[in-house]
Amino acid sequence: MRSSATTDGPQERSMLMDPREPARPGGPAGIDSGIERAPTVPLSALPMPAAVISARGQYADANAAFSRLLPEPDAQWQGQPCDALSPVDSAGLMALLQRVQAQGLPQSADLMAGTAAATSNLLRCRCQPLADGNMLLLIDPAPAPAPASAPQAHSILDHIFTFVGVLAPDGTVLEANRASLEAAGITLDDVRGRKFWDCYWWNLEPETAHRIARAVRSAAAGATPRFDIEKRMAGNSVLTIDLILSPVHDDSGTVTHLIYSAIDVSDRKAGEAALQRSEQRFRQVVESAPDGLAMVDANGHMVLVNTGMENIFGYTRGEMLGNIIEMLMPQRHRGAHGALFQGYLADPTARDMAGRRELYARRKDGSEFPVEIGLNPIPTETGTMVLATIQDVTRRKADRQLIERSLEEKTVLLHEIHHRVKNNLQVISSLLNLQARNAAPSVGQALSESQGRVKAMALIHQLLYERNDFSQVDLATYLQRLCGLLQESYRSGPARFSLHVNAAEPVHLNLQRAVPCGLLVNELVTNAIKHAFPDGRSGHINVTLAPIDDDHCAITVADDGVGLPSEVSPGTGRSLGMQLIPLLSDQAGGQWQVFREHGTRFELKISTTPQEAK
């Protein structure tokens with residue numbers, strides 16, 4: 001035998017009537033059990049088979065349609081027990097009657113028909129308790145049997161990983177798949193027969209249930225509501241879902257069911273929230289930037305501007321957005337900008353727009369001002385856009401011009417100072433020369449040596465004056481010209497010598513160390529000329545300048561003369577030149593050594609880095 005039993009809801013209950021109860025004034029009659037009654041209708045007037053069954057399970061009344069369903073239509077049915085004379089499966093009928101008596105509520109069941117039933121093998125039996133303890137039994141043809149694939153429908157629903165359910169048009173839950181039940185930690189019995197909005201999923205707060213109820217009413221009216229909502233899951237956790245309620249219509253267009261479906265969109269919501277936070281941070285950065293920022297699309301229209309643009313140009317944000325970027329340019333530059341912009345889009349890279357040119361922009365009031373513009377390509381889903389960074393450099397340009405004028409003035413002043421120092425040193429040299437003419441030989445020689453020292457210092461200022469670079473001296477050029485002056489000065493002397501300078505690579509020193517280096521070479525070469533070749537001897541003097549590494553160089557003064565006596569050492573001799581050698585080496589920031597083989601060789605190692613100067 002096959003049967004199914006359900007407890008009738010309010011809609012079905014209103015269809016069950018007590019055919020023997022007289023109507024009461026003022027509306028429907030009530031009964032002790034709380035079940036609604038309808039006005040009196042004779043059993044014979046009912047279109048479906050109907051019978052009244054006593055509390056003992058015996059037939060008290062029946063209409064002709066009911067009699068025709070009995071196994072023996074002509075049999076005497078009044079007073080007969082239902083289990084002995086039943087139009088349907090007697091065991092199933094007795095179970096249905098017992099449920100009605102036990103619960104006091106209408107019940108229904110699909111039961112196998114007897115042999116007299118020719119329309120269907122199943123009959124829908126609906127039973128309602130009456131006020132006097134009797135029961136009203138109504139019999140209808142059962143719904144057509146489901147197709148062969150229907151038993152698999154629930155299994156199919158359970159294999160769908162999204163949340164799916166089937167509702168009656170009034171919102172009563174008929175089915176729910178495994179995913180929606182297991183995620184909430186409930187069973188189908190916990191929700192079947194309940195209103196959808198009263199189920200576990202939606203009892204987070206009243207507004208959630210109210211929103212679901214409104215959606216059910218909307219779907220029952222034929223709409224398809226869809227929205228994001230929070231759904232309660234197992235352990236009181238909350239899940240954000242994308243909910244859809246779809247109405248199902250029959251051939252006549254009547255809504256017969258509602259299909260509930262939903263997908264988990266928590267990750268999407270989290271991504272949207274992260275994207276929103278990122279966009280907010282981007283906007284904060286853009287708005288807080290002191291420079292003007294403008295996003296320009298491929299057609300040259302501004303799609304984003306910041307507050308800096310409003311402050312710089314005087315336009316409001318609304319006036320700039322959607323307009324072409326040329327509105328911010330002087331009229332004379334607008335015609336050529338379109339071709340330049342398209343050329344940039346052909347090879348978009350981060351670059352300085354100006355290069356070495358000066359750029360000008362135009363404010364709303366028509367005034368022009370100098371700007372610096374940086375361009376950065378921004379790939380988007382609609383194509384490449386360009387983010388332009390615009391700086392008003394009016395003050396910077398004025399400050400730069402002021403610095404340039406000040407630097408020019410200082411350059412002229414330094415130029416004049418070195419020129420005057422050189423001239424003054426030349427005057428001193430001339431005075432020493434005049435003094436030496438009438439002086440004793442020993443005094444004249446001392447004055448001549450002092451004159452050489454003055455010329456060595458004057459030569460440095462001469463080089464600075466010629467090069468227009470007052471920060472450093474090319475030591476190679478200086479030594480070549482210094483040694484040329486020394487050779488010219490002693491050409492008429494008794495010593496016969498040749499002086500060679502080997503300085504192929506330039507070495508630059510600042511003024512602080514170039515002066516002592518020049519004086520030191522002057523002293524060493526002068527001493528070699530005076531003492532290395534006595535008694536008319538001839539020889540060679542070599543001055544070498546060679547880099548040691550990136551930060552050091554070496555100066556060597558060597559001769560092939562008689563050599564330096566062992567008792568004479570720089571710093572200890574009585575002559576001024578010997579006393580000056582250690583002092584000048586220290587001022588140049590170097591280390592010196594003397595070698596006495598095959599003449600005399602003096603080596604000085606100095607640093608070329610400014611921070612090591614002494």
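Residues take their numbers from the sequence shown, with the count starting at 1. The analysis underlying the following values was restricted to heavy atoms, covering all of them including side chains, and did not include hydrogens, waters or symmetry mates. The model shown is predicted, which means the values in this text are computed figures rather than measured ones.
Between Phe196 and Tyr260, a ring centre-to-centre spacing shorter than 6.0 Å is recorded.
A side-chain donor-acceptor contact under 3.5 Å links Glu287 and Thr307.
In this structure, Ile53 and Asn134 have side chains that are not in contact, with every pair of non-hydrogen atoms separated by 4.5 Å or more. In this structure, the side chains of Asn203 and Arg232 come closer than 4.5 Å at one or more pairs of heavy atoms. A 4.5 Å side-chain heavy-atom check between Glu372 and Arg396 finds at least one atom pair inside the cut-off. Considering only heavy atoms from C-beta on, Asp110 stays 4.5 Å or farther from Leu123 through its side chain. Contact check for Tyr315 versus Asn323: no side-chain heavy atoms found under the 4.5 Å cut-off. The shortest distance between side-chain heavy atoms of Arg178 and Leu188 does not fall below 4.5 Å. Residues Ile259 and Val248 are in side-chain contact: their nearest non-hydrogen atoms beyond the backbone lie under 4.5 Å apart. Contact check for Lys195 versus Asp170: side-chain heavy atoms found under the 4.5 Å cut-off.
Remark: the backbone N or O of Ser261 is not paired with any side-chain donor or acceptor of Asp242 at under 3.5 angstrom. The closest donor-acceptor contact from the side chain of Asn299 to the backbone of His301 lies at 3.5 Å or more, if one exists at all. Side-chain atoms of Arg192 never come within 3.5 Å of backbone atoms of Val173 as a donor-acceptor pair (strictly under, hydrogens ignored). At distances below 3.5 Å, at least one donor-acceptor pair connects side-chain atoms of Tyr59 with backbone N or O atoms of Leu85.
Separation of atoms NZ (Lys364) and CD1 (Ile312) is listed at 16.0 Å; rounding is to 0.5 Å.
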